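Remarks on the structure that follows.
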Amino acid sequence: MSENKKEPRIRIIKDGPYIVSGGVPLLKKGIGVDDEGNSYKWTLEVKYPNKESYSLCRCGKSKNKPFCDGTHLKTGFDGTETASRKPYMSEAVETTGPELTLTDVWPLCDHSRFCQRSGGIRELVAKSDDPESKKLAIEEGHNCPSGRLVIWDNETGEALEPEFEQSIVMIHDPLKKCEGPIWVRGGIPVESYDGHEYEIRNRITLCQCGKSENKPFCDGSHWLTKDQMEEWRKKWDEKRD
Ligand code: FES
């Protein structure tokens, strides 16, 4: 890396945007669905021109999305960061199958719905001695943009993570007719407004709509209503009991 080249980094401004530095490529991708409406692939929609640094809207109100246009200053955006600062593994719930294990931190869910095909990822992990189920479980785990779901190989004890170039993807959700979160890929550090560095992970999703109750991370509020969110949480609690 040349002397002038900065390492990729995202800095969160208090009640303001994400400042991205280090020449991180910026793309927009859509969620592709199958005949049953299940998410299963990513489609490239836009490749933005390369820039050394840029600021991404965090309040959801910019007229120049995905970039910040200063609207947060006029609307009094409250961007308080409420997410846990504990490491992923300290909060993860495990589901163990014959060949694979799934770890899950549900508050990180961005509701992109890649984990629902063929009975869902838990069922597939439970049948992971069947090659087809194993393959699909790994695929569904890899497609989870938030990294809520991580698949582990029981034999090696290693996480089976997808490989990403360090990049940022603005997610578009055509089925829900809305823009989704900011998908941060390849282990880019994210620094909170007060200087805390969140755990560096291969994939995370940051809120761009301003509505998440788990800021800076997306919690699905870009398309889920409060009632739907409540219902989802209840279902989740029942599953865990
Ligand atoms: S982008 Fe998902 S909750 Fe804001």
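When a ligand or atom number is given, it counts from 1 through the structure's own listing order. FYI, side chains are in, hydrogens and waters are out, and symmetry mates aren't considered; it's all heavy atoms of this structure. Note that the structure is predicted; figures quoted are calculated from it, not measured.
A salt bridge between K127 and E132 is absent, with no side-chain N of the basic residue lying under 4.0 Å from a carboxylate O of the acidic one. For the pair D15 and R58, the salt-bridge criterion is not met [side-chain N within less than 4.0 Å of a carboxylate O].
For ligand 1, the atoms sitting less than 4.0 Å from at least one non-hydrogen atom of Q208 are 1 (S), 4 (Fe), numbered in the order shown with element in parentheses. Ligand-side atoms of ligand 1 in range of G220: 2 (Fe), 3 (S), range being under 4.0 angstrom from any heavy atom. Applying the 4.0 Å criterion to heavy atoms of D219 picks out, from ligand 1, the atoms 3 (S). Counting the atoms of ligand 1 from 1 in the order shown, those under 4.0 Å from a heavy atom of H222 are 1 (S), 2 (Fe), 3 (S).
Under a cut-off of 6.0 angstrom, the local environment of NZ in K47 is sparse, with at most 12 non-hydrogen atoms contributed by other residues, nucleotides or ligands. Within 6.0 Å of the NZ atom in K61, the count of heavy atoms belonging to other residues, nucleotides or ligands does not exceed 12.
Among the candidates R85, R11, K14, the single residue satisfying the salt bridge (charged side-chain N to carboxylate O under 4.0 Å, His left out) test with D194 is R85.
Centroid-to-centroid, the aromatic rings of Y48 and Y54 stay 6.0 Å apart or farther.
Here C207 contributes SG and C209 contributes SG, and at atom 4 (Fe) of ligand 1 these two atoms make an angle of 100°, given to 10°.
If you check which protein heavy atom lies closest to atom 3 (S) of ligand 1, you get S221 N, 3.3 Å.
Among the atoms of C218, an N, O or S atom falls under 2.8 Å from atom 2 (Fe) of ligand 1.
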